[in-house]
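Small disclaimer: the values here were computed from a predicted structure and weren't measured. Each residue takes its place number in the sequence, starting with 1.
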Amino acid sequence: MLVPAAVVDLDHPAARDVASSGAKAAGLARARAAGFPVLDGFVVPAAASAGALAAGRDVLPSGGSGAARMAVIRSPLDAALLDGIATAAAASAPPFIVRSSSVLEGGGEWSGAFTSVPEVARDEIPKAVRSVWATCFALDVLDRCSSAGIGAGTAPMGVLVQPEIAPEFGGAASVDALGAVTVTAVKGGPRDLLAGWVPGVRAVAEQGALVGREAVDLMGEELIRSVVDLVARVGGELGHDLVEWAVHDGRVVLLQVRTSAQGAVAEPAPIPAALGHPFARELAVLTHRYPGPLGEELVLGWMPGMTGAQGGLAALPAVDGAGRGPVAADADEARQLAAALTAEAWGEPPARAVAHARLVLRRLRSDRPNESIEALRELRPVDPAAAGRLLAMYEHLSARTGGERRGRDRWEPLLAGVAALQGQVHAGRASVGGVGAGRLVWVDSPNRTDHVRPRDIVVAQYPLPNFSPLLWDAAGVVTVGGAASAHLFEVARSLTVPAVVDCSAAAAVRDGPVLGMVDGDAGRVALLG
């Protein structure tokens, strides 16, 4: 159909340009041009959002998210755009669904961030378009922008308008590098599946064989194979390995096509048997408690000798102990005291002891840590008063230098190996590959996350998209329910955050954080407890 230039028909070549239409609409336009079953529709170009988003940015600093969204919703649309929408919508029967198509949505870390407005009448489309634009200032999106270093409301938002269907079935599917297709299906539309509320049923097709009785019972083998064939074609012809689909009037249609960020999967390195030693557990706890270069420089060279001392570690002041004021500290003074304590622990002159400790700690991170474990077991306990003073200095310096860890700490593989060999294992289903280690922290609401620290493993009941901002510097994510195809896990995949779904570990961490590891390849969680 021919529409004015203010909007772009999905069949027009301009609709295939991400900068013009946004990622979602551009992907579907390309699929439709290649002959794939994509519903009719038209695009409100991303450039049309500029004025409304600027209005939101203007009031955001003073009025916050709510005021910014209201400024967008109240922004006027020019007459040409209103005429273009009216003309394009007249060619289709209502209701319509008005869908976000941000230029950012080509990256999986934005999966599920922006809204769509269903059940829209013709005369309501302009209002729905502004509602979609307004989600650029939703709290979850603002948090994601902050984590990603993107200015709020600076990324243009295209809008895709299509006739709304009432699917008999819907879901998500993926195809791997070997051509195996995994389909997750639900009755009705896929919204709740992708939002993480329901698990759906799965079928896997590989080399002609179809496995997944529940999915076949739900949809029938013929429809499942139709989805499998469509997904395989999308992968082979368009290069996309993620698909959202629906069945309408007995026919499979594409709702979205994307490309995951999943790279080649490396073979996991074998875990050294020495990490099963009880003392290795003590060392793993210490390296997590005193992370980063500062912990290694000031604490780890002598602290292992205190694990067997009278009162052990419990006799020393906690680094994050409440109620104790910070102790002023000079970095050079702290290094001198650390060298003295290291010399006391190793029974060597300070310079030699510090060099010896660095070598042993480096070897502890290697694939043969047994000699380092034995050497650290032999360390002598140091003077508790001096140790307590240095730990207080460490606390002050750590806070002064922004002591929160950022990015993967080099000691995390040690903690992961110890947890794998000594922890309590909870089985789940693999969602995003990789291994992460840290504190497992229960999060019961996206609105209550102040207790979550960088490099924690986020544990939640369902994989809700609003948890996405927590993943930018997380060591992993675990959920009790939901589906591996939920938007949250696509965010995790793009950020290379290991993830496990359908796991019972939550019960063990509801009462407080627990150290452990998440193995997104094997679909398991191990807790040191």
Among residues two or more places apart or on two chains, list those pairs meeting side chain to side chain donor-acceptor pair (under 3.5 Å) that have a residue in residues 117-132.
none
I'd like to know if the side chain of S101 reaches the main chain of G158, judged simply by a donor and an acceptor atom lying under 3.5 Å from each other, with no hydrogens or angles considered.
no
Please list all pairs passing the side chain to side chain donor-acceptor pair (under 3.5 Å) test where one or both residues lie in residues 208-223, with sequence neighbours left out.
R213-D217, E221-R225
E244: which residues meet the side chain to side chain donor-acceptor pair (under 3.5 Å) condition with it, sequence neighbours left out?
R258
Can you list the residues that meet the salt bridge (Lys or Arg N to Asp or Glu O under 4.0 Å) rule with D143, with sequence neighbours excluded?
none
Kindly check if the number of other-residue, nucleotide or ligand heavy atoms within 6.0 Å of CZ (R57) is above 12?
yes
Can V247 and L223 be said to form a side-chain contact (heavy atoms from CB on, under 4.5 Å), step by step?
CA-CA 8 Å; V247 175; L223 271 180; 4.1 Å; yes
Indicate yes or no: does D40 engage R32 in a salt bridge with an N to O separation below 4.0 Å.
yes
Would you confirm whether S445, through its side chain, and N447, through its main-chain N or O, come within 3.5 Å as a donor-acceptor pair?
yes
Under 3.5 Å, side-chain donor or acceptor atoms of residues 198-210 against the rest of the protein: list the pairs with distances, not counting sequence neighbours.
none

Roughly how far, to the nearest 0.5 Å, is the CG atom of L415 from the CZ atom of R439?
12.5 Å
Applying ring pair (Phe, Tyr, Trp, His ring centres under 6.0 Å) to Y462 and not counting sequence neighbours gives W197
Of all heavy-atom pairs between L81 and D78, which one has the smallest distance, and what is that distance?
N-OD1, 2.7 Å
Side chain to side chain, V132 and F114, heavy atoms closer than 4.5 Å:
no
Please enumerate all residues that pass side chain to side chain donor-acceptor pair (under 3.5 Å) together with S65, with sequence neighbours excluded.
R69
One should read off an interatomic distance between L28 CG and S21 OG, to the nearest 0.5 angstrom, of 10.5 Å
Residue pair L440 / D456, side-chain heavy-atom distance below 4.5 Å
no
Among all residues two or more places apart in sequence or in another chain, which pass the side chain to side chain donor-acceptor pair (under 3.5 Å) test with W110?
none
Using a 3.5 Å distance criterion without hydrogens, assess whether the side chain of S494 forms a donor-acceptor pair with backbone atoms of E490.
yes
Please tabulate, one pair per line, all N/O donor-acceptor pairs under 3.5 Å involving side-chain atoms of residues 477-489, not counting sequence neighbours.
residue: T479; atom: OG1; partner: G481; partner atom: O; Å: 2.9
residue: H487; atom: ND1; partner: S111; partner atom: OG; Å: 2.6

Please determine which of V525, V452, V518 meets the side chain to side chain contact (heavy atoms under 4.5 Å, CB included) test together with I457.
V518
For V227, check side-chain contact (heavy atoms from CB on, under 4.5 Å) against everything at least two apart and list the hits.
V183, M219, V231, W245, V252
Please round to the nearest 0.5 Å and tell me the distance separating atom NE2 of H248 and atom CD of E168.
7.0 Å
Mind checking the CZ-CD spacing from R493 to E109? Nearest 0.5 Å is all I need.
12.5 Å
Here the pair of heavy atoms bringing L10 nearest to A29 is O-CB, 3.5 Å
Min side-chain heavy-atom separation R455-D473 under 4.5 Å:
yes
Enter the distance from C145:SG to L104:CG here, rounded to the nearest 0.5 Å.
7.0 Å
Check for a donor-acceptor pair, side chain of K24 on one end and backbone N or O of S100 on the other, with a separation under 3.5 Å.
yes
Heavy-atom distance under 4.5 Å between the side chains of V500 and D519, does that happen here?
no
Tell me which donor-acceptor pairs under 3.5 Å the side chains of residues 44-52 have, and how far apart each pair is, sequence neighbours excluded?
residue: S49; atom: OG; partner: A46; partner atom: O; Å: 2.7
residue: S49; atom: OG; partner: M157; partner atom: N; Å: 3.1

Is a salt bridge present between D140 and R144, judged by a nitrogen-to-oxygen distance below 4.0 Å?
yes
Considering all heavy atoms of both residues, which atom of P190 and which atom of L255 are nearest to each other, and what is their separation?
CG-CD1, 3.9 Å
Considering all heavy atoms, the nearest G153-L53 contact
O-CB, 3.6 Å
Taking the side chain as C-beta and beyond, is there a heavy-atom pair between V175 and V234 under 4.5 Å?
no
For P163 against I97, the heavy-atom pair lying closest together
O-CG2, 4.3 Å
According to side-chain contact (heavy atoms from CB on, under 4.5 Å), who are the partners of R251, at least two apart in sequence or on a separate chain?
P37, V253
Ignoring hydrogens, what is the shortest heavy-atom contact between W442 and Q461? Give both atom names and the distance.
CH2-N, 3.5 Å
Quick one: CD1 on I224 to CG on L218, what's the gap to the nearest 0.5 Å?
7.0 Å
